[in-house]
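All values reported here derive from a predicted model rather than from experimental measurement. Chain naming here is simple, since letters A, B, ... match the order of the sequence lines and numbering starts at 1 in each.
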Amino acid sequence: MMDKRLQILFSGLTLQNPVIPASGTYGYGLEFAELYDINCLGALSIKGTTVEPRHGNLTPRIAECEAGLLNSVGLQNPGVEEVKKTILPQLRQVYHQPIIANISGFSIDDYVYLTEAMSEEEQVEIIEVNISCPNVHNGGMSFGVDPLSAATITKAVKAVATKPVFVKLSPNVTDIVAIAKACEEAGADGLCLINTLLGMRIDIARRSAVLNNRYGGMSGPQIFPLALRMVNQVANATSLPIIGCGGVSSAKDVIEMMMAGAHAVEIGSANLIDPFVCKKIIEELPELMDRLKIENLTDIIGIIK
Amino acid sequence: MQQLQLNILSNTPLQVGIYHLRLASADLRFLDLVEHIRAGQFVNVAIRGKYLRRPISISDVDSESLSLVYKVVGEGTALLSQMSEGDKLDVLMPLGNGFTLARSGSRPVLIGGGVGVPPLLLLARQLLQQGIKADIVLGFNTRHDIILYNDFLSLGCPTLISTVDGSYGQKGLVTDVLKAQGANSVNTFFYACGPKPMLRALKEQMTIEGEISLEERMGCGFGVCMGCTCQTLQGSKRICREGPVFKASDVIF
């Protein structure tokens with residue numbers, strides 16, 4: 001069943017393949033587990049979790065674009081206590097591969113608390129520190145747009161983490177390499193990039209923004225080239241393992257992202273329009289590798305300098 | 001939920017800009033699903049050239065086909081309206097929770113506004129199968145927007161129409177018709193689907209219990225993106241997953 005050619009090793013982990021559903025596009029996996037055996041995944045990044053439960057922003061929260069969408073969900077989630085108490089036990093029933101705990105906070109204390117709480121979970125293999133949510137005021141992204149605060153969060157989280165810490169970076173910055181380097185120097189075990197880009201759509205008939213929140217995070221195939229470029233820049237400037245994310249929708253995109261420098265790849269928006277896309281990509285990878293004469297996926301990581 | 005490739009049997013206008021789409025498939029999964037569709041459930045249709053799917057309520061089913069009635073409101077539905085017999089559509093179905101038939105009592109009233117009317121046709125049919133004849137109250141902007149009137153009549157359901165401009169039926173809103181009919185005393189339960197202001201007004205006016213079907217811009221349609229949340233007395237709920245049908249008294253507008 002398991003194809004060794006797809007296996008990826010980083011940060012002391014072995015993933016059976018590099019395909020990971022991105023946080024916020026896969027819930028906590030339970031809806032997908034009704035559709036297919038989600039144990040085919042390399043890992044699963046769960047919905048961004050905060051200390052307290054959050055209702056999120058007012059609707060409309062979704063706006064379509066030519067090749068993707070905007071969202072302004074605003075970190076709706078039931079809070080870490082509920083996630084640990086009721087959701088992760090349900091997920092454990094149907095899923096036995098690594099979990100990536102995506103956490104989001106409004107203060108350093110929040111991030112520290114969440115890291116401790118999620119480190120206790122045996123199945124959580126990576127803490128994904130979201131300092132890049134564009135949809136929440138005075139939180140999320142504000143930590144991710146400045147190298148100093150990104151480093152401060154990273155240091156604080158690393159001090160208590162018993163699992164590898166991956167910092168999820170925002171593309172809404174002038175120089176993502178500077179932020180990446182700051183995280184590396186602060187002790188991050190890896191990086192995940194990119195989160196969504198801040199965008200906008202207007203309903204010209206109603207003369208109002210489509211999103212109630214006015215602006216929202218842009219995702220989907222439209223951001224793939226930009227994500228790829230940023231992954232490549234960061235891969236060339238740091239020695240950290242990278243989870244590449246942003247518009248990945250096919251096995252071909254996965255290969256491209258890995259060639260740019262990613263050890264693993266998160267699939268986001270594509271899950272929303274094709275619920276089977278992760279499974280399909282995993283199944284399609286071996287054949288595509290044959291065609292491209294790729295023996296093992298690890299061989300292509302970062303071959304494009 | 002299944003992902004199915006369905007054949008278009010027909011895609012014809014009912015009124016200017018409002019279309020009736022019939023879909024079918026020889027796929028056994030489809031035949032099994034249509035048997036168990038509950039009124040109020042919806043499908044999510046992929047449209048070539050558009051990134052997101054389009055959620056559309058199911059207006060009717062028979063043993064081998066599924067009907068959707070949709071209004072052209074933007075580019076996606078405009079593209080859908082150009083598709084014709086023989087074309088294929090990628091559909092996720094069935095989605096959401098439907099109306100609760102068991103709550104109807106002996107004489108429910110079904111209240112529809114504009115393109116909120118279609119799912120009520122299947123509801124009326126399913127209630128009839130249980131021996132319950134519902135009263136129907138439908139509201140439209142003008143007589144040019146009236147849809148499915150004859151379908152309700154042919155079920156034998158007493159059907160009243162209101163139009164905002166008075167060009168057909170009673171001039172005014174469904175709430176005016178309901179008041180005139182004394183719905184709160186003659187009816188046992190209400191089921192409603194329509195624009196948010198209508199649902200909000202119903203929640204205020206109706207003293208009998210009821211269920212309402214909500215609408216929202218959706219990302220996925222199956223409960224993973226948290227795009228279409230609404231607030232209820234039981235906290236945040238996903239319209240696509242826990243809904244689109246909710247107890248009227250639970251929804252916080």
Side-chain angles (χ1 to χ4, degrees), chain A residues 21 23-32 34-36 46-48 53-78 82 135 201 203-205 210-212 216 219-222 247 249 268-277 280, chain B residues 1-5 29 43-55 72-79 89-96 196 214-244 251-253:
Chain A
S23 180
T25 62
Y26 210 78
Y28 293 90
L30 301 171
E31 291 78 11
F32 288 88
E34 292 172 14
L35 304 178
Y36 62 91
I46 57 173
K47 172 71 188 165
R54 284 183 56 83
H55 292 309
N57 294 321
L58 293 174
T59 56
R61 299 174 173 183
I62 303 287
E64 191 178 43
C65 305
E66 282 303 308
L69 67 146
L70 306 180
N71 88 81
S72 59
V73 169
L75 291 172
Q76 181 184 337
N77 80 97
E82 177 73 5
N135 292 324
R201 292 310 303 261
D203 183 330
I204 55 173
V210 174
L211 297 173
N212 188 293
S219 61
Q222 60 199 358
S249 312
S269 304
N271 290 305
L272 309 183
I273 55 168
D274 178 0
F276 297 94
V277 70
K280 285 180 196 163
Chain B
M1 176 180 86
Q2 302 269 8
Q3 182 176 21
L4 298 168
Q5 307 303 315
R29 293 177 300 165
V43 302
N44 214 358
V45 181
I47 293 170
R48 221 164 294 133
K50 287 286 149 189
Y51 190 70
L52 294 174
R53 291 170 180 270
R54 295 297 187 273
V72 174
V73 289
E75 292 168 15
T77 38
L79 286 169
L89 277 182
D90 177 325
V91 174
L92 298 178
M93 68 172 277
L95 299 172
K196 212 181 249 185
L214 301 182
E215 193 179 45
E216 188 52 80
R217 281 177 186 262
M218 291 180 182
C220 64
F222 53 95
V224 302
C225 75
M226 305 296 150
C228 64
T229 295
C230 68
Q231 298 306 320
T232 73
L233 295 179
Q234 287 80 36
S236 301
K237 298 285 176 195
R238 297 166 292 185
I239 290 175
C240 70
R241 186 84 180 186
E242 282 86 33
V251 176
I252 302 167
F253 283 104

Shorter than 4.5 Å, heavy atoms on both sides: which option in [options] has the most such pairs with chain B?
options	answer
A:Ala205, A:Ala67, A:Pro78	A:Ala67
A:Gly68, A:Gly27, A:Pro53, A:Ser269	A:Gly68
A:Glu34, A:Glu64, A:Arg61	A:Glu64

Supply the atom-to-atom distance [X] [atom1] to [Y] [atom2], rounded to the nearest 0.5 angstrom.
X	Y	atom1	atom2	value
B:Met226	A:Leu75	CE	CG	11.5 Å
A:Ile273	B:Tyr51	CD1	OH	4.0 Å
A:Thr59	B:Gln231	OG1	CD	9.0 Å
A:Asn71	B:Arg217	CG	CZ	13.5 Å

field: Which portion of A:Tyr28 sits near chain B, non-hydrogen atoms under 4.5 angstrom
entry: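 Contact with chain B involves no heavy atom of A:Tyr28 at all.
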query: Contact part of A:Asn77 toward chain B, heavy-atom cut-off under 4.5 Å: side chain, backbone, both or neither?
result: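 For A:Asn77, no heavy atom lies under 4.5 Å from chain B.
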Neighbour count >12 (heavy atoms, 6.0 Å) for atom [atom1], [X]:
X	atom1	result
B:Arg29	CZ	yes
A:Ile204	CD1	no
B:Glu215	CD	no
B:Gln234	CD	yes

Is the shortest side-chain heavy-atom distance between [X] and [Y] below 4.5 Å?
X	Y	answer
B:Val224	A:Asn271	no
B:Arg241	A:Glu31	yes
A:Leu35	B:Gln3	no
B:Glu216	A:Pro60	yes

message: Less than 4.5 Å to any heavy atom of chain A: does that hold for the side chain of B:Gln2, its backbone, both, or neither?
response: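 Neither; nothing under 4.5 Å.
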- request: Grab the two heavy atoms, one from B:Cys225 and one from A:Ile62, that are nearest each other, plus how far apart they are.
  value: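 Looking at all heavy atoms of both residues, the closest pair is SG-CD1, 4.3 Å.
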